[in-house]
Amino acid sequence: MKLYLKIWRQKDAKSKGAMVDYTLDGVEEDMSFLEMLDILNEDLIAKGEEPVEFDHDCREGICGTCSLMINGRPHGPDSLITACQLHMRSFNDGDEIVIEPWRAKAFPVIKDLITDRSAFDRIQQAGGYISVNTSGRPVDANAIPIEKEHADDSFNAATCIGCGACVAACKNASAMLFTSAKVSQFALLPQGQVEAAERVQNMVRQMDLEGFGNCTNTGACEVECPKGISLENIARMNREYLSATLKG
Amino acid sequence: MGILNSKVPSGPLADKWTKHKNEIDLVNPANKRNIDIIVVGTGLAGGSAAATLAELGYNVKTFCYQDSPRRAHSIAAQGGVNAAKNYQGDGDSVYRLFYDTIKGGDYRSREANVYRLAEVSTNIIDQCVAQGVPFAREYGGLLDNRSFGGVLVSRTFYAKGQTGQQLLLGAYAAMNRQIQRGKIKSYTRHEMLDLVLVDGKARGIIARNLVTGEIERHSAHAVVIASGGYGNLFYLSTYCMGANVMAAWRTHKKGAFFANPCYTQIHPTCIPVSGDHQSKLTLMSESLRNDGRIWVPKKLEDAQAIREGRLKPTELAEEDRDYYLERRYPAFGNLVPRDVASRAAKERCDAGFGVNKTGEAVYLDFDSAIMRYGREKAMTSGMKDPDDKTIRELGEKIVEAKYGNLFQMYEKIVDENPYKTPMKIYPAVHYTMGGLWVDYNLQTTIPGCYAAGEANFSDHGANRLGASALMQGLADGYFVLPYTIGDYLSDDIRTGPIPTDSPEFDAAENDVRERIKKLMSGSGIHTVDYYHKKLGKIMWNKCGMSRNAKELEEAMEEIAALRKDFWENVKVPGTPDSKNQELEKAGRVADFLELGELFAKDALHRNESCGGHFREEYQTEEGEALRDDENFKYVAAWEYAGEPKDAKLHKEDLEYENIKVKTRSYK
Ligand SMILES: Cc1cc2nc3c(=O)[nH]c(=O)nc-3n(C[C@H](O)[C@H](O)[C@H](O)COP(=O)(O)OP(=O)(O)OC[C@H]3O[C@@H](n4cnc5c(N)ncnc54)[C@H](O)[C@@H]3O)c2cc1C
Ligand code: SF4
Ligand code: FES
């Protein structure tokens, strides 16, 4: 098939970017979306132009590196997948496809479609852990039975891949879904209780410092999240935060 | 004592590690504050090592090429992590895990290392649970297990099909805690381009900031290489796109021996190649072989009809299917080790029984499992005479709970529903058992340079069993290296900070700059991917699932010629002083073009078949691998000597004092 691409090009963080048009022929439906971009880049290099830079690594939906806004939707038109899992069979011959980077104050563009998401790391550093050392002598793993339901909910929250689609989808560029996923994972486990109050306060404080917006409950994040992280996590984090603040 | 001293402690096998820990030198906590350690890589091995070293008090700097430590390729591991907990009461023990691993590795690994691995395996699970890793649990709240290939017990812990992700996020969290305390400084989007030696000791690295293109000097008292495996040598593999051998290869060129490069694991259950545009292959976890049955048609004409789309697999009667693993290996059936399963698939496809357009695919079928689970569920819910449709629906739900995300992944890529029609799978490159040679302390042949995780060669011999890489990465990082490194560093407590303005750093930086300049000055005929794909084809066709002397010799020549062509004609656009993904790729492919030749040389010299290394000249009448313990029961450790073909062989003889060396049989 033949496609008409409109792609955001930006030399570096300081330069101003712009949309550039490309026509690409010979795209097959079995190709993944990123393989389509590979072909475009091979063409561009052959023509002596600079290829389009985009972030990607695992190409199987788990590392959270790929981060493309495709026709106005984070990770493209299909639900519950990342951009690297999107295949060209979701498009038709002659389609126009607009490809942009994540847009958020807290995620500045580095080059073309690549943004700086280190703010997410700093939110995790503020409290996304349980303070245990590797002594080699913790209690036996089965000494702490955990109700399957809680274990499963905790697991579901823990599957967040840190891609940032939730922020890109939100009109306020809020990072509540991402932050609440980590808070929930630990809030649902007995091991996480000791530091619970401190954790939620520190992570939320860091989130605000990074310049993410407020949550106004529009729910766009949940719709676009490739891992189906649920809004319930935000509700849980709000409860955790409230009870932490009440405790002082 | 030759150059290769494995430093295995004396004494009975089961006491070695404890005894060693008691005897090695320690660094006291106050002195640890004066010691810096560089960890290259933040996967399970590097992440866990960095966190533990920082907890112990050392100053740690970590490096990864991704934008966050959490994205290392360990994240993609699906199936699980082994540990000899014996929670299922099925007779598991440290000894049995040790034995299975040695046998699985086809008697080509070091006994003492493997025993230690089995010994600390149980700590891993305790540690991870304490960190909040949400492993799968049974209804009673206790941890659940499943089985993997090559073993007869259930010792694999898992978190749905995302075990690597959950373990890595645990290590990442432990790192974050130390970053917050100021004990780890994390450098992301940074790539190590060279190792710096001062007075023969590893004292730092040269790295490129991938955002700005700046070349940076970083010094330390010791350097840990935990940069993962080199399977992308084959271009198509289940690795992430950025996986590379640069850190390990640069270390090799600075004097570290590279061991058993030809031991590569080709995983039997991956989604087959669909066309020339393909950039990577996707694994379907081995855990699927717990429930999936592998087959091809019995008759050639049926296979042809299927390939041409005239016949559906579901239409083929039971008696017309060849469940070839169950037929050839009745004891282990579909759960034979990976090397055996892969070769058997290739054998059937080569004989004309392949089931997709390219003829390179076999079926992995869940129909029996769906019906079996469905019937069981119907019984336990007290249903009377349920019809097949109900049974199937119940069974599909159970299969979904177990493997849902894998089935979804398959459907997204292939556009077929694996609940309704069998999956198509084919072997693909997945793991590299070879790597930097290390002694019992995980130290390479360069003093002060350590290697952990998939980057070292240590524990899996000629074939790795499923769920053992995660175990090894975490064992190395959490429980082994942080202690053994102290023995070396105890001499460095008065050294003080290592300066970066020495002639050694000048020279190393200069080399790196020259190399980049050279990479960018090719005549500009072909792209980097062009060369990478060509290299991959040579590797897959001549150094892949089965090898012979003639083709290996050809491969060595072809790779050398391709390398020459690359340096003359490659085209790298853009500039070196900015973000430049083509330049990043070019540097990685340049190293693969050297490693490939050494790989072929290693495979050529090993005149036997063992584990993942199958030489057509050495097989039994039934086509099983024929090992030669008399002449090849050693680790081949290669010393760099200019061109890869001139590498010098050093042998570490493997002694088996606790296990009787036998022919590996899964029949
Ligand atoms: C798809 C897949 C599924 C798997 N499933 C399982 C499983 O179920 N069970 C199991 O036991 N094993 C499994 N494995 C194997 C296992 O995941 C890996 O062997 C293991 O995770 C490797 O961990 P590591 O820490 O050694 O390296 P990695 O996790 O690969 O990390 C490498 C690190 O090195 C960094 N790096 C590399 N080069 C440089 C450089 N030059 N400069 C700076 N940084 C660099 C990277 O940024 C990264 O941080 C699987 C592997 C794959 C590919
Ligand atoms: S919550 Fe979902 S969208 Fe947001 S970072 Fe996590 S996986 Fe991505
Ligand atoms: S590249 Fe890893 S999630 Fe897309």
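Convention: sequence-line order gives letters A, B, ...; per-chain numbering from 1. Remember, predicted model here, so these are calculated numbers, not experimental data. Both backbone and side-chain heavy atoms feed into the values below; hydrogens, waters and symmetry mates do not.
Proximity to chain A (any heavy atom under 4.5 Å) is restricted, for His73(B), to the side chain, taken from C-beta onward. Residue contact with chain A, scored on non-hydrogen atoms closer than 4.5 Å, is absent for Val528(B). Of the two parts of Leu210(B), neither the backbone nor the side chain holds a non-hydrogen atom closer than 4.5 Å to a non-hydrogen atom of chain A. Contacts of Ala143(A) with chain B are absent, with no heavy-atom separation under 4.5 Å from either backbone or side chain. At a 4.5 Å heavy-atom cutoff, the contact between Leu142(B) and chain A is made by backbone and side-chain atoms alike. With a threshold of 4.5 angstrom between heavy atoms, Pro134(B) approaches chain A through its backbone and through its side chain. The part of Gln78(B) that comes within reach of chain A is its side chain, from C-beta onward, which places non-hydrogen atoms under 4.5 angstrom from that chain. Looking at Glu138(B), only its backbone comes within 4.5 Å of chain A, counting heavy atoms on both sides. Proximity to chain B (any heavy atom under 4.5 Å) is shown, for Ser67(A), by neither the backbone nor the side chain. Heavy atoms of Asp415(B) lying under 4.5 Å from chain A belong to its backbone as well as its side chain. Of the atoms belonging to Arg189(B), it is side-chain heavy atoms, and not backbone ones, that fall under 4.5 Å from chain A. Heavy-atom distances place no part of Thr212(B) under 4.5 Å from chain A, backbone and side chain included.
The candidate with the highest count of non-hydrogen atom pairs below 4.5 Å against chain A, out of Tyr478(B), Tyr172(B), Tyr239(B), Tyr65(B), is Tyr172(B). Put simply, of Glu42(A), His56(A), Lys111(A), the one with the most heavy-atom pairs under 4.5 Å next to chain B is Glu42(A). Highest contact tally toward chain B, considering only Lys182(A), Glu28(A), Arg89(A), is held by Arg89(A) [criterion: heavy-atom pairs under 4.5 Å]. The choice from Pro573(B), Ala130(B), Ala174(B) that makes the most heavy-atom pairs within less than 4.5 Å of chain A is Ala130(B). The greatest number of non-hydrogen atom pairs below 4.5 Å with chain A, out of Ala51(B), Ala136(B), Ala173(B), is found for Ala173(B). If you tally non-hydrogen atom pairs under 4.5 Å between each of Glu53(A), Glu35(A), His87(A) and chain B, the highest count goes to Glu53(A). Contact count against chain B (heavy-atom pairs under 4.5 Å) is highest for Gln124(A) among Gln124(A), Glu50(A), Gln85(A). Between chain A and the residues Ala72(B), Gly275(B), Cys240(B), Gly164(B), the most heavy-atom pairs under 4.5 angstrom are made by Cys240(B). The greatest number of non-hydrogen atom pairs below 4.5 Å with chain B, out of Thr65(A), Ile114(A), Ile81(A), is found for Thr65(A). With chain B as partner, the option from Ile144(A), Asn142(A), Asp55(A) having the largest number of non-hydrogen pairs under 4.5 angstrom is Asn142(A).
Side-chain contact between Tyr129(A) and Gln180(B): present, with at least one pair of heavy atoms (C-beta onward) separated by less than 4.5 Å. Between Cys63(A) and Gln66(B), the closest side-chain pair of non-hydrogen atoms is not below 4.5 Å. Using a 4.5 Å cut-off on side-chain heavy atoms (C-beta onward), Gln162(B) and Phe155(A) make contact. For the pair Arg177(B)/Ser131(A), a side-chain contact is recorded, criterion being any heavy-atom separation below 4.5 Å from C-beta on. No side-chain heavy atom of Asp126(B) sits under 4.5 Å from any side-chain heavy atom of Val139(A). Between Leu80(A) and Gln408(B) the shortest side-chain heavy-atom distance falls below 4.5 Å. For the pair Lys579(B) and Asp12(A), the minimum side-chain heavy-atom distance is 4.5 Å or more.
Note that CG of Leu37(A) and OG of Ser279(B) are 11.0 Å apart. Values are rounded to the nearest 0.5 Å. With values rounded to the nearest 0.5 angstrom, Cys58(A) atom SG is found 9.5 Å from Arg71(B) atom CZ. Note that SG of Cys84(A) and CD1 of Ile413(B) are 9.0 Å apart. Values are rounded to the nearest 0.5 Å. Here CG of Asp121(A) is found 6.5 Å from CG of Asn176(B). Values are rounded to the nearest 0.5 Å.
Residues Lys412(B) and Asp78(A) approach most closely at NZ-OD2, 4.4 Å, considering heavy atoms. Contact record, Asn133(A) with Gln127(B): O-OE1, 3.5 Å, taken as the closest heavy-atom pair. Taking each heavy atom of Thr134(A) and Tyr483(B) in turn, the nearest pair found is O-OH, 3.5 Å. Across all their heavy atoms, Leu169(B) and Ala158(A) have their closest contact at CD1-O, 3.6 Å. Residues Gly242(B) and Asp57(A) approach most closely at N-OD1, 2.9 Å, considering heavy atoms. Contact detail for Val132(A) and Glu55(B): the closest heavy-atom pair is O-OE2, 3.8 Å.
Contacts classified as salt bridge (charged side-chain N to carboxylate O under 4.0 Å, His left out) and involving residues 145-165 of chain A (residues at least two apart or in different chains) are given here: Lys148(A)-Asp152(A).
For the pair Lys571(B) (side chain) and Ile45(A) (backbone), a donor-acceptor distance under 3.5 Å is present.
Checked by atom type, the side-chain pair Ser274(B)/Asp30(A) shows no donor-acceptor distance below 3.5 Å. For the residue pair Thr282(B)/Glu60(A), the side-chain donor-acceptor check at 3.5 Å is not satisfied. Between the side chains of Asp140(A) and Tyr87(B), at least one donor N or O lies within less than 3.5 Å of an accepting N or O. Ser68(B) and Arg117(A) are not linked by any side-chain donor-acceptor pair at a separation below 3.5 angstrom, with hydrogens and angles left out of the test.
Other residues, nucleotides and ligands contribute over 12 non-hydrogen atoms within 6.0 Å of the CG atom of Asp25(A). Remark: Glu49(A) CD is packed, more than 12 non-hydrogen atoms of other residues, nucleotides or ligands lying under 6.0 Å away.
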For this session: Tell me, with the steps shown, if Thr159(A) and Gln165(B) meet side chain to side chain contact (heavy atoms under 4.5 Å, CB included).
Result: CA-CA 8 Å; Thr159(A) 56; Gln165(B) 177 191 34; 4.3 Å; yes
For this session: Output, in order, the C-alpha distance, side-chain angles, deciding distance and verdict of side chain to side chain contact (heavy atoms under 4.5 Å, CB included) for Asn41(A) and Gln581(B).
Result: CA-CA 11 Å; Asn41(A) 279 343; Gln581(B) 289 178 324; 5.8 Å; no
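Within residues 186-195 of chain A, the residues approaching chain B closer than 4.5 Å by heavy atoms are, in numerical order, Phe186(A), Leu189(A), Gln191(A).
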